[in-house]
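Report on the structure given below.
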Amino acid sequence: MAARWSSENVVVEFRDAQATAMSVDCLGSHAVLSGRRFLYLVNLEAPSEPPRKIGRQSKWDVGTVQWNPHRSESHVFAASSNQRVDLYSWREGCGEVHTSLQAHTRVISDLDWSWFEPEFLVTSSVDTYIYIWDTRDTRKPTVALSAVAGASQVKWNRKNQYLLASSHDGDVRIWDKRKPNTAVEYVAAHLSKIHGLDWHPDNEFIFATSSQDNSVRFWDYRQPRKYLNILSCQVPVWKARYTPFFNGLVTVMVPQLRRENSLLLWSTLDLNNPVHAFVGHDDVVLEFQWRPQKEGSKDYQLVTWSRDQTLRIWRVDPQLQKLCVSDMEDLMEGMSLTVESEKSLSSQEPESQLGVGLSADSLLDQDSGGRPDSVGGSGLTQTLQQEFSLVNLQIRNVNVEMDALNRSCVVSAHFGSHQVHLVVKFPAQYPNNAAPSFQFVSPTTISSAMKIKIQKILTDTSLQKVKRNQNCLEPCVRQLVSCLESDMTQEDGPASGPFVLSNPVTPALQAFPRVTNTYGSYQDANIPFPRTSGARFCGTGCLVYFTRPITMHRSVPPTEPTPRSLSALSAYHSGVLTPMKIRSESQSTLRLYSGSPTRSDKDTVSISSFYYKERKLPISASRRWSVQTLHDWPKSRRFKTKREDHGNRPIKLAGKVIIQEISCLLPVHKALGESYILNMNDIQDTCQKNAAAALTVGRRDVAKVWALASAATNQDLSPDSDPDTETPWARHPFGRQLLETLLDHYSQMSDVQTLAMLCSVFKAQASPADCYSLYGHHPPRSSMFPPHSRYPSYTSSSVTSGSCSSTSDSITTTTWNTGRDSDHVNPWGESSPDDYRYGNQGYTDPREREREQHDMNKRLLDPANMLQFDDFKKCYGEILYRWGLREKRAEVLKFASCPPEPHRGIEFGVYCCHCRNPARGTQCAMCKRLTFQCAICHVAVRGSSNFCLSCGHGGHTSHMMDWFRRQDECPAGCGCHCLLQSTC
Amino acid sequence: MVSVINTVDTSHEDMIHDAQMDYYGTRLATCSSDRTVKIFDVRNGGQILVADLRGHEGPVWQVAWAHPMFGNILASCSYDRKVIIWKEENGTWDKMYEYNGHESSVNSVCWGPYEFGLILACGSSDGAISLLTFTGDQQWDVKKISNAHTIGCNAVSWAPAVVPGSLIDQPSGQKPNYVKRFVSGGCDNLVKLWKEEDGQWKEDQKLEAHSDWVRDVGWAPSIGLPTSTIASCSQDGRVYIWTCDDPAGNTWNAKLLHKFNDVVWHVSWSITGNILAVSGGDNKVTLWKESMDGQWACISDVSKGQGAVSSITETQQSEQ
């Protein structure tokens, strides 16, 4: 014990080793150092002996090396080299590679032997896969875990043979090797890269992570939202590992400018100050491992390897161990004391001796904590400060301010409109059969009856606990919450947490909101970096766009591309880009971003954090400032933060949204839409007027097209009905061909307006009679219909008008036939070529066919493309609709040949008046009787009929008309005022 | 001439992620990292805040207006994994439906063409695409395409309702038999086309060209021509124009519009489908137009959020 504060007892230098990794075997007899050219095996019993060497030929350094931790396989160690893992066996002073594992496609970042199965090894790689190998079958991994993100660390759980943890950037995933498809749990542990990951040696659920963000965090993966505890350091933490003895933790920092190459030993119970520093190394500590304890020895040995090419062995004697253990057992569940450390506990030394170099805080801790002997030997007690630091009070609406010095805490809870403030005072003997006192303080808004009730519950709970020398703060607070919640459920609604009264210490996992509002969730790596500018065409002629405010600049040089995923955001907070000198300040900022639920909304990480705002200064000063910002942007950010804090002026993070009129860029014009006409009775006039309209908006090309259209639709060129007299104009090069060229041109220009108008005009130009004469059997009177009416009409020849009329054969069930029933009967004149195909089949007379061919040839618009022409009209119709020109739209759509959707209004059905079955026609199919009787003459109605929509009575139209000329009640005597009922 | 007709100060407390006007161009919806969606009446150059919709618990990424035939309906999607459909009734905006079926941030929402009824596609970072169809009576039918894009889906865009395939096979007089199709882009660097067949969504095409995450896709509106056009943009800075003349929709040709220096976040087509607005991480908006010989040319540059669209040449004017 010569030098307590540098208790190394062995220093060996291996000058040429250039080793990157080191591992100690499970027997504690050998350490392997992996250099590029040789692996050195150091006999730890006699470390100064020259090491044995195993040659290796690789241009890659060894990434990780690890001995198999099982005694049966203690001669085996694994070393990763780029994408490969070599398994070495070391027997009788010589070693060789006996097998290699190859499957990874990129460099292997970590490997770990299973603690339970000697043959199993897990490897992680930046290729995003984690492979579990059975070394008996080395051809391929037995299990592949696909993590999507590359892993930096992978570690088997020490207590559960199936579990393992991997770290990916700032996240930790917990895997069950039986369920390789997906991780069991995600923990968004840090905002920057995790360098080290270590499972608790005795607790299945707890692990520690060390990160670039200057912290070590302790986690229970069952509560992934909130760390159990945090150890904040001034510098990024390279590795943090639990000690084999209780409550200890050893950290190695990422070395910064000042040569801080010491390893620090911490007590997990008090993270304010390290309990010990292992000072000695002159350069970065690359690896440290615990040498297994020899039988009968109370000492532990820490083996370290540094870039200074020295291997050191440090002795950690029971006194040092005791600093970590403090004087009691850790409360974390599942933990058990080993005999050995209990033994070491009992051998106490005077505290004054221990306290050398310790800070006042730890001294106080030691003092107030009391000695195990003085607290009656109960292993379950702990100091108040320790209770405060370990207590899990992440409960919604509840805030606990703890003051260990004054032995009191203030619990404030908000439930609905009620507030409760409670001061808890802990007597000096607490928790040794001394219960704390509870006192309500203002502003507490609950009724006094409620106060008494709560007081009783709290006193009971605390007494129960302290009787057994147990802590009671957490159970009491949970009781308080459940009591308040059960009382105020109507106000709190579904948000009330499921606290179980009978088991008040149940961690309130469900009470955490499912969605956190902060960034830093595990999936952020998959979430695209948000858009902060964008442009969108809206309506018909508008471009809506928004950009970042001009005063906002990216905090990284503009040459660097914008990151792709949201997780990148965290890097801009977590000190990766922050120089060391302002570390202390940025650290405090970091805590705000760390996802702690207590921080205010203002401090959450936001997209805007990626950009920073240029400070507005008088012109004279601004230049100097900008130079400064160039060199040291975080400084300006710090400045910004200050400004925000002072609240001088709110900084505008949202830019303006600009709406721009861009309709001049479009090939369609609203003015034209308004002024274009479609007069099918005078097509010449239509063309001329439209040409004039086109000129007024500056579309000279379209004006000329209208002139051409006017010429093509001239009466002189109207085709003869006799196919033998002349070739129709449509066959002329200036006929259909010209028109098609025009349509092609405007298609390329996307000028749907011109396209639709041309199609409509030339459709109208085909004379109405032509359309219908196609069909020989079509009634000639169809020409009485308005040509190309797009409205449905009756196909039956004996159409009568009126809403309730029927033909002689079908009562009331008039067919609103739109022509779909029959392939042959098509009242729409021109339609798709199908019609013609079907039509052709019907004709046997070659002259008919010739005449039909002639009809096709007469048209300027190619009938084969009719559907496409219709699409032009429909699209133009949509645009007209957006412009609010609904009548113009209807005009254009009249020329569409496709039928509109079938009428979906009222359709009248008939129920047989005798058997009540639905009937079609005059005779009921079920009872064979006539379905509908006239209410006047009691004769079945076959012809035209009327009936009342309200009472359902009616009869022959003529009878009904006669009746209702004089009466207004129903002729059937039902008392219905049919005329009134039907009209309203 | 191109002119700024309105400048809306949204008073969002954090950065804006999307802005979109309704069908008629009378209202503007914006969404932001401050977790709100705001609706402004922007008629006649005004900017009256109509509604401040609060309901999301994270930054809101995108908004989408439904066709006005269904009423005034707006959908929004957020980092909080939710899709909220808002509806105006009697002048007040309220939540009509909240969809919680995604396990990660929902990055994109897009309403289908009105011919298909009220149908919304949502793309999420959990890799899935959800299709929400309104079936009446406040009921929404949900169909989910799991693992549409490995790692995550970043954008969805519907195809216009056109009759599929050839113009010849269509039986006359029948109600057109539309096929529902949309396009999506994701973190697998792929653009995927989806088609509904017998009520099931199937992957129809997989378009490969991008070398990094696809950030946005836009299916160009149809003016009745048989060609389908899609624009896609990516983290790799490239914008591709995909065209398909094949009636069966199987052969897609990619054409590189431009390679930008920074990520391209958004593409948007004009109503006639001949101008494309491109915006990205460089804080600029550019407009691109296809010339008669099929080349894409930049016709303007909206930069720094201050200027109007500039440099529209006179030739463009006279050409029309």
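Reminder, nothing fancy here: chain letters follow the sequence lines and each chain counts from 1. From a predicted model like this one, the values you see are computed outputs, not experimental measurements.
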Subject >> Where A:Q868 and B:P226 come nearest, the two heavy atoms and their spacing >> reply: NE2-CD, 3.5 Å
Original post:
Is any side-chain heavy atom of B:I223 less than 4.5 Å from a side-chain heavy atom of A:Y746?
Top reply: no
**OP:** Quick one: which of B:E290, B:H12, B:Q47, B:K82 has the most heavy-atom pairs under 4.5 Å with chain A, could you say?
**Re:** B:H12
Subject >> Atom pair CG (A:N526) and CG (B:D126), whose distance is rounded to the nearest 0.5 Å >> reply: 9.5 Å
Subject >> Region of A:Y881 in contact with chain B, defined by heavy-atom distances below 4.5 Å >> reply: both
Subject >> Contact summary for B:H17 and A:P530, nearest pair of heavy atoms >> reply: CE1-CB, 3.6 Å
**OP:** Go through the atoms of A:F546 and report whether side chain, backbone, both or neither lie under 4.5 Å from a heavy atom of chain B.
**Re:** side chain
Subject >> Sub-4.5 Å side-chain heavy-atom contact between B:S104 and A:I527 >> reply: yes
Subject >> Check: B:I5 and A:C542 side chains under 4.5 Å, non-hydrogen atoms >> reply: yes
**OP:** Between chain A and each of B:L225, B:T7, B:T10, B:D9, count heavy-atom pairs under 4.5 Å; write down the option with the most.
**Re:** B:L225
Original post:
Which bit of B:H149 is near chain A, if near means a heavy-atom gap under 4.5 Å: side chain, backbone, both or neither?
Top reply: neither
**OP:** Could you check whether the rings of B:W265 and A:F529 sit parallel, tilted or perpendicular, using 30° and 60° as the cut-offs?
**Re:** parallel
**OP:** Drop me the distance from A:S533's OG to B:M15's CE, to the nearest 0.5 angstrom.
**Re:** 9.0 Å
Original post:
chain A heavy atoms under 4.5 Å from B:W65: which part of the residue, side chain, backbone, both or neither?
Top reply: neither
**OP:** Go through A:L543 and B:S270 one step at a time and tell me if the side chain to side chain contact (heavy atoms under 4.5 Å, CB included) criterion holds.
**Re:** CA-CA 9 Å; A:L543 179 73; B:S270 72; over 6 Å; no
Subject >> Note, B:K289 side chain near A:L665 side chain (heavy atom, < 4.5 Å) >> reply: no
Original post:
What residue, out of B:S124, B:A19, B:S11, B:P221, has the most heavy-atom pairs lying under 4.5 Å from chain A?
Top reply: B:A19
**OP:** Would you name the heavy atoms of B:S268 and A:A535 that are closest together and state the gap between them?
**Re:** CB-O, 3.5 Å
Original post:
Side chain, backbone, both or neither: which part of B:Q20 has a heavy atom under 4.5 Å from chain A?
Top reply: both
Original post:
Who among B:D212, B:L276, B:T227, B:T26 has the most heavy-atom pairs with chain A under 4.5 Å?
Top reply: B:D212
Original post:
Does any heavy atom of chain A fall under 4.5 Å from the side chain of B:F260, the backbone, both, or neither of them?
Top reply: neither
Subject >> Worked check of side chain to side chain contact (heavy atoms under 4.5 Å, CB included) between B:Y23 and A:E878 >> reply: CA-CA 11 Å; B:Y23 182 86; A:E878 273 297 301; 3.0 Å; yes
Original post:
Which pair of non-hydrogen atoms, one from B:S279 and one from A:G534, has the smallest distance, and what is that distance?
Top reply: OG-CA, 3.2 Å
Original post:
Going by heavy atoms in the side chains, are A:F537 and B:I271 under 4.5 Å from each other?
Top reply: no
**OP:** Show your working on side chain to side chain contact (heavy atoms under 4.5 Å, CB included) between B:N6 and A:I658 and close with a plain yes or no.
**Re:** CA-CA 6 Å; B:N6 207 337; A:I658 295 165; over 6 Å; no
**OP:** Evaluate the side-chain proximity of B:S125 to A:P528: yes if any heavy-atom separation is below 4.5 Å, no if none is.
**Re:** yes
Original post:
Where is the tightest heavy-atom contact between B:G224 and A:C875, given as atom of each residue plus distance?
Top reply: N-SG, 3.7 Å
Original post:
Taking the side chain as C-beta and beyond, is there a heavy-atom pair between A:I659 and B:V4 under 4.5 Å?
Top reply: no
Original post:
So, for A:V544 and B:L28, which heavy atoms are closest and what is the spacing to 0.1 Å?
Top reply: CG1-CD1, 3.7 Å
Subject >> Interatomic spacing from OG in B:S222 to NZ in A:K874 - rounded to 0.5 Å >> reply: 10.0 Å
**OP:** Check whether any side-chain heavy atom of B:R215 lies under 4.5 Å from a side-chain heavy atom of A:R531, and answer yes or no.
**Re:** yes
Subject >> Pairs of heavy atoms under 4.5 Å with chain A: top-ranked of B:V263, B:I151, B:D216 >> reply: B:I151
Original post:
Looking at A:S750, A:A756, A:G539, which makes the most heavy-atom pairs under 4.5 Å with chain B?
Top reply: A:S750
Subject >> Top of B:D34, B:D18, B:T150, B:V42 for chain A proximity - count of heavy-atom pairs under 4.5 angstrom >> reply: B:D18
